[in-house]
Amino acid sequence: MACMIPTGFRALPLSITQLSLAAVLQCGQSFRWNVFPLFSDGAFQDNLFPTHEYRLCLRDRVVCLRQTPDILFYRSVLPGPPPLPSEDVLREQETLAWLRDYFQLDVDLIELYEQWGKRDPVFRNCRERFAGIRMLRQEPFENLISFICSSNNNIVRITKMVKTLCKHYSPALLSLPPPTDAECSSASDASLEVESYHPFPPPSILAASDISATLRTLGFGYRAEFVQKTAKMLVDAHASEQLGHASLEPAEKWLCTLRQMSTSEAREELLKFMGVGRKVADCVLLMSLDKKEVIPVDTHVHQIAVKHYGISSSSKAKGNMTSKLYDEVSSKLAAVWGDYAGWAHSVLFTSDLKAFASYGLPSPSQSPSVKERTPKKSCRSEIVSGLATPPATPTPQSSSSKRKRAIIKASSKDGELDLLPSVNDGLNMADRVKRRRRAAVTKAAEISVVA
DNA sequence: ATGCAACCTTCC
DNA sequence: GAAGGTTGCA
């Protein structure tokens with residue numbers, strides 16, 4: 001009984017233990033997927049029918065996905081008239097190629113879960129309930145801007161902001177009605193309302209000087225300046241490069257080249273941007289730059305580390321994340337999980353999202369907020385003073401923000417990695433540039449230690 | 001070099 | 001007051 005393929009979709013055999021759309025697309029990696037419940041009541045719970053459709057607008061097409069425990073259904077919609085059957089085959093081949101890349105389907109998640117389970121008893125506890133959580137491979141620019149918006153913010157609002165950004169600064173690629181399931185008559189009837197789909201805006205658009213003021217009115221708060229300035233830094237630094245009319249702007253292509261760099265070198269580059277500190281940089285490294293071992297440490301990951309992995313909750317008085325504490329948590333967890341530590345971190349992180357307690361339920365729309373977490377008790381009560389002892393870990397890399405402006409101006413972007421001696425002397429204001437270059441060396445040493 | 005307030009807004 | 005922090009200044 002397999003002929004349950006929704007009309008217009010193609011079927012890719014794929015276990016939900018390898019990929020759970022419900023988990024991965026709503027756990028705060030990407031903020032741009034649209035989610036549609038397919039059935040208004042719980043009529044079909046036999047797992048033969050997908051319960052949701054997920055849609056994402058790419059540059060040239062809208063990708064639509066549905067899922068059963070064993071099959072991933074996919075189709076794509078392009079602007080213009082319906083394609084000829086021959087064209088359609090090609091397009092869906094392209095879409096399939098995109099899927100493999102975006103979901104990194106060549107990585108065997110079962111094997112990873114197995115390894116993490118062997119290494120970590122804590123992981124073994126949550127892996128049953130939260131299978132199929134893997135890292136997406138996103139576009140770096142979108143990822144960067146999205147996580148600049150994430151600072152001091154929650155998933156619900158980040159999602160609103162990112163979608164607002166697209167609606168305002170990117171023309172609609174096409175419009176679609178909400179999904180209706182032809183096989184099942186219980187399709188949504190009342191909503192004939194079509195919705196427009198917008199790609200993520202390119203750097204050149206967001207770099208315009210008047211953008212930040214507008215973003216303020218759109219509710220971005222202080223992040224408005226960060227977004228505009230980062231986009232401008234990016235465009236200014238890479239405007240000279242060939243401006244072929246390809247789908248990606250030079251600045252976006254350059255961001256992709258960070259994938260070829262070492263983790264620490266790529267991080268150094270990211271830290272130059274306004275609104276990008278260690279945590280945001282690490283998110284981008286992990287989620288779009290192939291740095292699978294990187295563990296972004298936020299307050300929540302910190303809580304997990306304190307609760308389950310023996311990190312002392314001694315952050316002075318207030319629970320603020322110091323650079324030192326960040327490294328302590330990050331290296332501890334990296335040691336526990338190994339090579340794909342960043343991926344493992346995502347499983348733990350997602351498993352703690354309270355909203356996912358109601359996974360298979362028919363109507364997730366009733367709980368649009370994905371941000372709530374399991375009740376966490378404030379660990380402030382147990383303030384141990386300076387017991388945070390022996391990190392012995394290599395040097396952190398402070399993201400002294402004062403550098404950010406100057407460096408961008410001064411740095412010619414290629415062929416400048418002069419290998420200065422990695423001495424730890426006192427650093428004046430004037431030495432910050434030097435210090436930045438030196439960082440590459442320091443971090444290189446760091447890598448070998450971690451590895 | 002470390003520590004801390006301020007920052008925009010929304011939601012619990 | 002906290003939300004998946006970062007910045008700028010003591």
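Residue numbering restarts at 1 for every chain, and letters A, B, ... go by the order of the sequence lines.
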Is there a donor-acceptor pair under 3.5 Å between the side chain of A:Glu249 and the backbone N or O of A:Ser204? yes

So, under a plain 3.5 Å distance rule, would you say the side chain of A:Tyr326 forms a donor-acceptor pair with the base of C:dG5? no

For the base of C:dG4, is there a side-chain donor-acceptor partner from A:Lys279 under 3.5 Å away? yes

If you take all heavy atoms of A:Met135 and A:Leu286, which pair is closest and at what distance? CE-CD2, 3.5 Å

If the P atom of B:dC11 is compared with that of C:dT6, how far apart are they to the nearest Å? 23 Å

Separation of A:Leu325 atom CG from C:dG5 atom P, in whole Å? 13 Å

When the ring planes of A:Trp33 and A:Tyr102 are compared, do they come out parallel, tilted or perpendicular, using 30° and 60° as the limits? tilted

Between atom CD1 in A:Ile158 and atom P in C:dT6, what is the gap in whole Å? 12 Å

Candidates C:dG5, C:dT7, B:dT9 - which lies nearest the side chain of A:Arg157: B:dT9

Can you list everything that forms a side-chain contact (heavy atoms from CB on, under 4.5 Å) with A:Leu176? Sequence neighbours excluded, please. A:Arg55, A:Val62, A:Val77, A:Leu174, A:Tyr197

Not counting sequence neighbours, which residues clear side-chain contact (heavy atoms from CB on, under 4.5 Å) with A:Ala208? List them please. A:Asp210, A:Ile211

Bracket notation of DNA chain C in which parentheses pair within the strand, [ ] cross earlier pairs, and | pairs with another strand (Watson-Crick or G-U, under 3.5 Å): |||.||||||

Assuming nearest nucleotide by heavy-atom distance, tell me which of A:Arg223 and A:Phe226 is located more 5' along DNA chain C. A:Arg223

